[in-house]
J.: 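Shown below is the structure under consideration.
Note that ligands are numbered from 1 as they come in the structure, with each ligand's atoms numbered from 1 the same way. Atom set for the values below is all heavy atoms of this structure, side chains included, hydrogens, waters and symmetry mates excluded.
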Amino acid sequence: MDDREHPGGLALAESERRLKLTIDTMPAMAWSATPDGQLDFLNQHFLDFVGMSAEALLGLGFHSILHPDDRPFLLAVWQEIMDTVQPRPVEGRLRRADGEYRWCTLRQNPLLDEQGRVIKWFGVVLEIEDRKRAEDELSKARSALLASERNIRLIVDSLPVLAWVARPDGGAEFVNERWAQYAGVDATHILDWGFLDFYHPDDIPNMVAVWTQALESRDELELKGRIRRYDGEYRWFYFSGRKITDANGVIRWVGANVDIEDLQRAEASLRQSQNELARVARRTTLGELAVSIAHEINQPLMAIVTNAGTCMRWLDEAQFDAERARQAAQRVVRDGHRAGEIVAGIRALASKAPARMAPTELHEAFRDVLLMLDGEFRRRQIEVRQSWADRSLVVQGDRTQLQQVLLNLVMNSMEAMLETEQPPRRLTLSSEVIEGGFVRVSVGDNGPGLDEGTLAHLFDAFFSTKAGGMGMGLTICRSIVDAHGGTITAANRSPRGSVFSFTVPQAGGVIG
Ligand SMILES: Nc1ncnc2c1ncn2[C@@H]1O[C@H](COP(=O)(O)OP(=O)(O)OP(=O)(O)O)[C@@H](O)[C@H]1O
Ligand SMILES: [Mg+2]
């Protein structure tokens, strides 16, 4: 606040005294200086602040209270102001009575005569230490924030995933450095919907559909798809994202895409070796059954030979009887089919064909297995009780694999019952439709049942209590049932024996 004297208006001692009183009382440090920059007045407030006598400060004495670091700058600006007569505020540190330097703003104004020459300079000094400190703190806080932002950015960029942030409209507004490096482009190419350029063309329709659906009606995203790497190779990724609302109420999606290519490959080769193992196990089982199977095929073959002979006899001119010959020929055809079916069943079971899920009639598939085992049942004196659901059950599954599950369970039951040596050995087979669109198949026996130790490890690979057992039968059963989306369980039944049950999903309902 400048205090201007009216030029030549202060003649009376009284008014001068009053003016001095005013100047000393006002809550600011005030001063005046000659046109050449020598201090010729300081008010009481100023003297109190500096804690020095007026004499020590007048003239050029005030230079001593300027902070040594600021002094050259302050004096240069002061000189410039005087030369140009262009007043302006300047900031610098002044020494307080206690020796501490405080930030202040210095303002000045010239008093001019009629020709525009400077008669005197008047000024005030305002302490701004507190404001300055607040400013410093703010800037420190700001740089701390920047540093922590840089840190977070560094972390996000180095995460071993393709991290992203997207707007509610589905466009990406951020992708981490790793994403850009993976794709081999600048991050800006991936932003908005740019990421589509890097997705596998075959995956895009599904990926976009899932993403759009998540945006519209969900809080989470889960998705699998292939992303093209900088070298042109497409790799499988698992996308997971989540909708968040930040502190300002802004909705965003954040997510990470994890490279699962290697995992996927490992899984595929695991499946492959499991299939191999299953095939070996099937062959072994079939090998064990060879005698029975041969016997089983032999029966229709013998019948064919007999009937063919009969047929020829009735065709003989001496006792020609066309009707009887036709009947015998029909029996030949029937038995031929029977033998053919057994052989086809064996061939299917031994085949290496990969799993193929399709609607499969369960009873018909099982019938082939039982046909093949018929001889074995008779040889081992095993009574088979079947209680199939009284309609045909169409399940979604791989025919051969489901046959194998039944074969393994039946083989186990037979082997278990042979241990006890006491006929009647009773095998029970049943199927029923259960809740949730599943079919349950059960294989029971009256063997020794399962003790606790066996129950705990039944489905473990290579767990076997048999001398020649591989311990893979049930492991294979479980992996097949799992792959079908069903479950397999084992339990004891009273008074003795065990029952194994597995479920498979029905294919689009029941036929017949
Ligand atoms: N019906 C059953 N009654 C009693 N124990 C059983 C029955 N089924 C399986 N087990 C027990 O579970 C074990 C594991 O069966 P799994 O079929 O996996 O192997 P395995 O029959 O021993 O050998 P393989 O690989 O030749 O089938 C068997 O060794 C046996 O101890
Ligand atoms: Mg077995």
J.: Looking only at protein heavy atoms, which one is nearest to atom 14 (C) of ligand 1, and how far off is it?
T.: F463 O, 3.3 Å
J.: Who pairs with W164 by ring-ring contact (aromatic ring centres under 6.0 Å, His included), at least two apart in sequence or on another chain?
T.: W211
J.: For the Mg ion (ligand 2), which protein N/O/S atoms are closer than 2.8 Å?
T.: N412 OD1
J.: Can you report which non-hydrogen protein atom sits closest to atom 1 (N) of ligand 1, along with the distance?
T.: D445 OD2, 2.9 Å
J.: With heavy-atom distances below 4.0 Å as the criterion, list the atoms of ligand 1 near G449.
T.: 4 (C)
J.: Kindly identify the option in G471, G497, S498 whose heavy atom sits closest to atom 23 (O) of ligand 1.
T.: G471
J.: Any idea which atoms of ligand 1 are less than 4.0 Å away from a heavy-atom of T454?
T.: 11 (C), 31 (O)
J.: Which atoms of ligand 1 have any heavy atom of S464 under 4.0 Å away?
T.: 20 (P), 22 (O), 29 (O)
J.: Among W236, F239, F237, find the residue that satisfies the ring-ring contact (aromatic ring centres under 6.0 Å, His included) test when tested with Y199.
T.: F239
J.: In the protein, what heavy atom is nearest to atom 25 (O) of ligand 1, and what distance, to one decimal place, separates them?
T.: M472 N, 2.7 Å
J.: Working note: R356 + D398, criterion salt bridge (charged side-chain N to carboxylate O under 4.0 Å, His left out); need CA distance, chi angles, decisive distance, verdict.
T.: CA-CA 5 Å; R356 200 175 55 87; D398 181 277; 5.7 Å; no
J.: Looking only at side-chain N and O atoms, does K466 offer a donor or acceptor that is under 3.5 Å from a partner on N412?
T.: yes
J.: Salt bridge between D445 and R493, side-chain N to carboxylate O under 4.0 Å?
T.: no
J.: Nearest protein heavy atom to atom 21 (O) of ligand 1, by residue and atom, and its distance?
T.: K466 NZ, 2.6 Å
J.: Examine the proximity of ligand 1 to F500 and report which part, side chain or backbone, both or neither, has a heavy atom under 4.0 Å away.
T.: side chain
J.: How far is atom 26 (O) of ligand 1 from the closest protein heavy atom, and which atom is that?
T.: M470 N, 3.6 Å
J.: Atoms of ligand 1 less than 4.0 Å from G469 heavy atoms?
T.: 23 (O)
J.: By number and element, which atoms of ligand 1 are closer than 4.0 Å to a non-hydrogen atom of A416?
T.: 2 (C), 3 (N), 4 (C)
J.: Measure the distance from atom 15 (O) of ligand 1 to every protein heavy atom, then report the residue, atom name and distance (to 0.1 Å) of the closest one.
T.: L474 CD1, 3.6 Å
J.: State whether a side-chain donor-acceptor pair under 3.5 Å links E261 with Y234.
T.: no
J.: Considering only NZ, NE, NH1 and NH2 on the basic side and carboxylate oxygens on the acidic side, decide whether R399 and E361 come within less than 4.0 Å.
T.: no
J.: Does the pair D192/R167 count as a salt bridge with the N-to-O cut at 4.0 Å?
T.: yes
J.: Quick one: do the D482 and S479 side chains pair a donor with an acceptor below 3.5 Å?
T.: no
J.: Take every heavy atom of L458, measure it against each atom of ligand 1, and state whether any distance is under 4.0 Å.
T.: yes
J.: Is the closest heavy atom of A490 to ligand 1 under 4.0 Å?
T.: no
J.: Considering non-hydrogen atoms of the protein only, which is the closest contact for atom 9 (C) of ligand 1, and what is the distance?
T.: N412 ND2, 3.5 Å
J.: For ligand 1, note which part of L450 has a heavy atom under 4.0 Å away: side chain, backbone, both or neither.
T.: side chain
J.: Answer side chain, backbone, both or neither: which part of T465 comes under 4.0 Å from ligand 1, heavy atoms only.
T.: both
J.: Does any donor atom in the side chain of D460 or H457 lie under 3.5 Å from an acceptor atom in the other side chain?
T.: yes
